[in-house]
Amino acid sequence: MSWFREHLGMDGISFLIHAGITAALMTAVAVSGGPREVQPMILGGSLAVRGIHRFFVLRKRGPAGLTTGEMSAEQRALGRTEAR
């Protein structure tokens, strides 16, 4: 699994597309003489969409597995079982 998929919930190409669309929208507002106050709203909306997407993608993945402490407890229990 790639770093992008593991931490951001999307592939690198998807991330570049998302960033490109956001940049294009911000550039279009700047070039057209639109109000500069809209650019932070575009960026905030983009980050909100990204966060919602990440939430659903990572929720679909399910739990990561045993933590270090859980694994250690399982190994101790297995050792006790084998000792019997």
Side-chain angles (χ1 to χ4, degrees):
M1 179 176 292
S2 72
W3 183 91
F4 274 99
R5 175 146 324 260
E6 183 178 345
H7 292 91
L8 300 178
M10 67 183 348
D11 290 330
I13 296 298
S14 297
F15 181 75
L16 288 175
I17 291 170
H18 183 83
I21 290 172
T22 302
L25 212 67
M26 290 178 72
T27 302
V29 169
V31 169
S32 68
R36 300 205 35 96
E37 295 83 17
V38 175
Q39 288 182 341
M41 292 189 315
I42 292 172
L43 183 60
S46 174
L47 292 174
V49 168
R50 178 71 208 104
I52 292 167
H53 178 264
R54 181 180 186 274
F55 171 77
F56 284 111
V57 168
L58 295 180
R59 186 174 76 167
K60 246 196 283 189
R61 257 186 24 193
L66 297 177
T67 63
T68 305
E70 291 171 335
M71 182 60 85
S72 177
E74 288 293 325
Q75 288 173 342
R76 282 191 302 257
L78 183 60
R80 284 190 298 260
T81 303
E82 289 176 352
R84 291 182 198 170

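Just so you know, these numbers use all the heavy atoms, side chains as well, and skip hydrogens, waters and symmetry mates.
- Scanning all heavy atoms of the two residues, the minimum distance from Val29 to Ser32 falls at O-OG, 3.2 Å.
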Would you give me the side-chain donor-acceptor pairs under 3.5 Å for residues 35-49, sequence neighbours excluded?
from: Gln39; atom 1: NE2; to: Met26; atom 2: O; distance (Å): 3.1
from: Ser46; atom 1: OG; to: His18; atom 2: NE2; distance (Å): 2.9
from: Ser46; atom 1: OG; to: Thr22; atom 2: OG1; distance (Å): 2.7

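- Using a 4.5 Å cut-off between side-chain heavy atoms of Ile, Leu, Val, Met, Phe, Trp and Tyr, Leu78 forms no hydrophobic cluster with any other residue.
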